[in-house]
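Counting from 1, the numbers follow the sequence of the chain as shown.
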Amino acid sequence: MNRFLASLTALALLGGCQTFAPSAPDGTPPVEEEETVPATETPTPQVYGSFSEEALFALLTAELAGQRNRFDIALGNYVQQANATQDPGIAERGFRIAEYLGAEQAALDTAMIWAQNAPDNLDAQRAAAVQLARAARYDEAMVYMEKVLQRQGDTHFDFLALSAAETDPDTRSGLLQSFDRLLQKYPENGQLLFGKALLLQQDGRPQEALELLEAQSTKHDEVAPLLLQARLLQGLKRGDEALPLLQKAIRQHPDDKRLRLTYARLLVEQERLDDAKGEFAALVQEFPEDDDLRFSLALVCLEAEAWREAIVYLEELVERGNHVDAAHYNLGRAYEELDEPESALIEYALVGPGNDYLSAQARQTELLFDSRRSAEASELLSKARESQPDYAIQLYLIESEALADQQQHERAWQVIQQALEQFPDDLNLLYTRAMLAEKRDDIDLLEKDLRFILEREPDNSMALNALGYTLADRTTRYAEAKALIEQAHQINPNDPAILDSLGWVNYRLGNLDEAERLLRLALKRFPDHEVAAHLGEVLWTRGKQREARKVWANALKGQPDSAILRGTLLRLTGSEAL
């Protein structure tokens, strides 16, 4: 941590009328610099505060402690002396240090002393209001905010509203009443109106917030309320109205980056990708050092399938050393789309630990397996597990899943067994082994592993559904299966896989009407070949053979090699062909 407390003489530091400089933009408390006084001028006499020897010693100790990175001592001494002397300069200094260190209680205490002893200092009143808001003392915060309003200073009503986002409804309601009381006194104050709109949004009342902003839009053209208005319109599915609002705002504030960025993002959300690409390109040209913008532009190019253009911006990010792992990962995606798998493999291999690491490993593995280089994939994953042990479980799962997808179930089994030797109680590994056990017709082991999971996670809907479906499909324990699947359905009622299982167990129990209803719903939500096989079988059993064939035919268009579909056709019709 950089040194942030200057070495000053006692009198220069502790002058009672000294004005302390604000924090630097990065949050670092100020370093006071001595003024250079021309030799021909007579220095203005300095009036100093009167401090006891004990106070002077404590404050000098604080400064020296700060120079030696003992910020705990520095802050403790300043807070102690702010309380003892009630001096606003000392209180402000303590507040700046506490704010820098993230010491919330000390920041509140020193801000209050500063505000109470410097009643005409707007910075002090504002600091007290913000700290009180952070402490959820909203009514007291509003008192200090009103003092700032009376002096026509900029307030932080937006922060006050946002700080209440996670509070209970009664607190938000009380704060809204405080806003309304102030609005009766200052009905045209744009900051108050913006703060109330934010609070209404946080309270789940977006329509009221929008109406409040729209009523004032002709009187106030500040950027922050315009941005909030656009977000509210988008949230209310009225994004087509947000675009002209932002276009008008940009004409009024052509240099405002926030407006232009919001407009570009809204174009993406509305799938106007070419227009969005143009907006982001213009922003990158105007702000060439902003690599967040450059990364956004690259992603928009990917979304617009402008692969070569995306590659240019992603390579620039790598050269500039920003978003490097994400750039390599997305370069891999682009090269895959261009059918250049070797280039994609190079890029995926360059992705380091972080958000994109496992996705890159999975894509690299799939590409190698598709190229019949499974041994190379396994070797790379083994080395990855050695170099990145924190990802070992996920890397085992990636390898096992890839092997299973290639119908190499025995090798997948060996990988999972190896993984469980290292991590015997990992639930994800046990679930995967259970699914592989079903392929090996080892229903006893499947049930053992799934029940182990359910002992530790009774509400694991995936395990409940897997066990229930297997019992319905591979045994005659239908009542037990139905109870398990219904429990999963209560936990996750919209999961189409669970709906499929529930339909299938009803079919096994002879409840054909309910089975058909559930399977139709499952297929509508998730047009999967296995669900289609189940629905077709129910329809066939009910004498609706023509519709059953139609369901199977549609499913085969998407998955012509489906063993489940072909097996169902062969069993019911005597032929794998329709």
Side-chain angles (χ1 to χ4, degrees), residues 329 332-333 336 341 344-345 348-349 351-457 460-470 473-474 495 497 501 528-530 559 561-564:
Y329 175 71
R333 288 178 55 205
E336 274 199 76
L345 285 169
Y348 288 138
V351 177
N355 293 337
D356 296 301
Y357 179 72
L358 289 172
S359 296
Q361 292 292 322
R363 293 303 313 137
Q364 183 178 229
T365 300
E366 186 170 338
L367 282 174
L368 289 169
F369 270 88
D370 288 344
S371 303
R372 299 185 179 180
R373 295 155 64 183
S374 59
E376 183 181 345
S378 294
E379 183 180 356
L380 287 172
L381 288 168
S382 178
K383 290 179 179 178
R385 288 192 289 267
E386 291 177 10
S387 62
Q388 303 295 336
D390 290 344
Y391 292 98
I393 292 173
Q394 296 94 324
L395 292 167
Y396 273 122
L397 291 168
I398 287 171
E399 184 174 2
S400 175
E401 182 178 345
L403 288 163
D405 288 344
Q406 295 289 324
Q407 305 302 311
Q408 298 185 41
H409 297 301
E410 189 58 36
R411 284 185 61 193
W413 177 265
Q414 292 169 5
V415 168
I416 286 299
Q417 291 292 78
Q418 179 186 346
L420 282 166
E421 287 177 9
Q422 289 183 247
F423 308 99
D425 294 333
D426 183 80
L427 302 189
N428 290 310
L429 293 173
L430 286 167
Y431 182 86
T432 301
R433 185 172 71 175
M435 297 302 96
L436 290 170
E438 191 271 337
K439 300 292 184 186
R440 295 162 62 90
D441 293 324
D442 192 345
I443 304 304
D444 289 341
L445 180 59
L446 174 143
E447 183 170 358
K448 176 185 174 184
D449 283 345
L450 292 178
R451 291 203 181 278
F452 181 92
I453 293 170
L454 290 170
E455 285 175 8
R456 283 150 183 77
E457 295 183 355
N460 188 318
S461 62
M462 191 164 64
L464 286 164
N465 182 55
L467 180 55
Y469 175 79
T470 304
D473 193 55
R474 303 292 297 273
D495 188 333
S501 298
D528 175 72
H529 65 112
E530 186 170 358
Q559 192 126 3
D561 298 328
S562 169
I564 293 173

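- Proximity of a side-chain donor or acceptor of Y348 to a complementary backbone N or O of R333 within less than 3.5 Å is detected.
- Between the CZ atom of R440 and the CG atom of L445 there is a distance of 8.5 Å, given to the nearest 0.5 Å.
- For E399 and S378, the side-chain atoms include at least one donor-acceptor pair closer than 3.5 Å.
- Other residues, nucleotides and ligands contribute at most 12 non-hydrogen atoms within 6.0 Å of the CD atom of E401.
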### Query
Which is it for L450 and I453 under the side chain to side chain contact (heavy atoms under 4.5 Å, CB included) test, yes or no, and what are the steps along the way?
CA-CA 5 Å; L450 292 178; I453 293 170; 4.2 Å; yes
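- Between I393 and L397 there is a side-chain heavy-atom pair separated by less than 4.5 Å.
- Using the six-membered ring where Trp is involved, F423 and Y396 have ring planes that are perpendicular, over 60° apart on the 30 and 60° scheme.
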### Task
Verify side chain to side chain contact (heavy atoms under 4.5 Å, CB included) between I416 and L420, making sure each step is shown before the conclusion.
CA-CA 6 Å; I416 286 299; L420 282 166; 3.8 Å; yes
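- Rounding to the nearest 0.5 Å gives a distance of 11.0 Å between CG of L454 and CG of D449.
- A salt bridge is absent between D425 and R456: the closest approach of a Lys/Arg side-chain nitrogen to an acidic carboxylate oxygen does not fall below 4.0 angstrom.
- Proximity of E438 to M435: side-chain heavy atoms (C-beta onward) are nowhere separated by under 4.5 Å.
- Taking 4.5 Å as the limit, some side-chain heavy atom of W413 sits within range of a side-chain heavy atom of R433.
- S562 places no side-chain N or O within donor-acceptor distance of the main-chain N or O of Q559, the cut-off being under 3.5 Å.
- Here the closest heavy-atom approach between residue G354 and residue Y391 is recorded as N-OH, 3.1 Å.
- Taking OH from Y329 and CG from L358, the interatomic distance works out to 10.5 Å, rounded to the nearest 0.5 Å.
- The shortest distance between side-chain heavy atoms of L464 and N460 does not fall below 4.5 Å.
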#### Entry: Evaluation steps, side chain to side chain contact (heavy atoms under 4.5 Å, CB included), between F369 and L403
CA-CA 8 Å; F369 270 88; L403 288 163; 3.5 Å; yes
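- Closest approach of A404 and H409 over heavy atoms only: O-CE1, 3.7 Å.
- Between D370 and Q406 the shortest side-chain heavy-atom distance falls below 4.5 Å.
- Expressed to the nearest 0.5 Å, how far CG of L380 lies from CG of L395 amounts to 11.0 Å.
- Annotation for S400 and L436: closest pair OG-CD1, 3.8 Å, computed over non-hydrogen atoms.
- How far CG of D356 is from CZ of R363: 13.5 Å, rounded to the nearest 0.5 Å.
- Residues Q417 and L429 form no side-chain contact, since every pair of their non-hydrogen atoms from C-beta on lies 4.5 Å or further apart.
- Atom CG of L381 sits about 11.5 Å away from atom CD of E386, to the nearest 0.5 Å.
- Contact check for L430 versus L427: side-chain heavy atoms found under the 4.5 Å cut-off.
- R411 and S374 form a side-chain donor-acceptor contact under 3.5 Å, judged by distance and modelled atom types alone.
- A salt bridge does not link E455 to R451: none of the charged nitrogens lies less than 4.0 Å from a carboxylate oxygen.
- Legend: residues meeting side chain to side chain donor-acceptor pair (under 3.5 Å) with Q394, ordered by chain and number and at least two apart, are absent.
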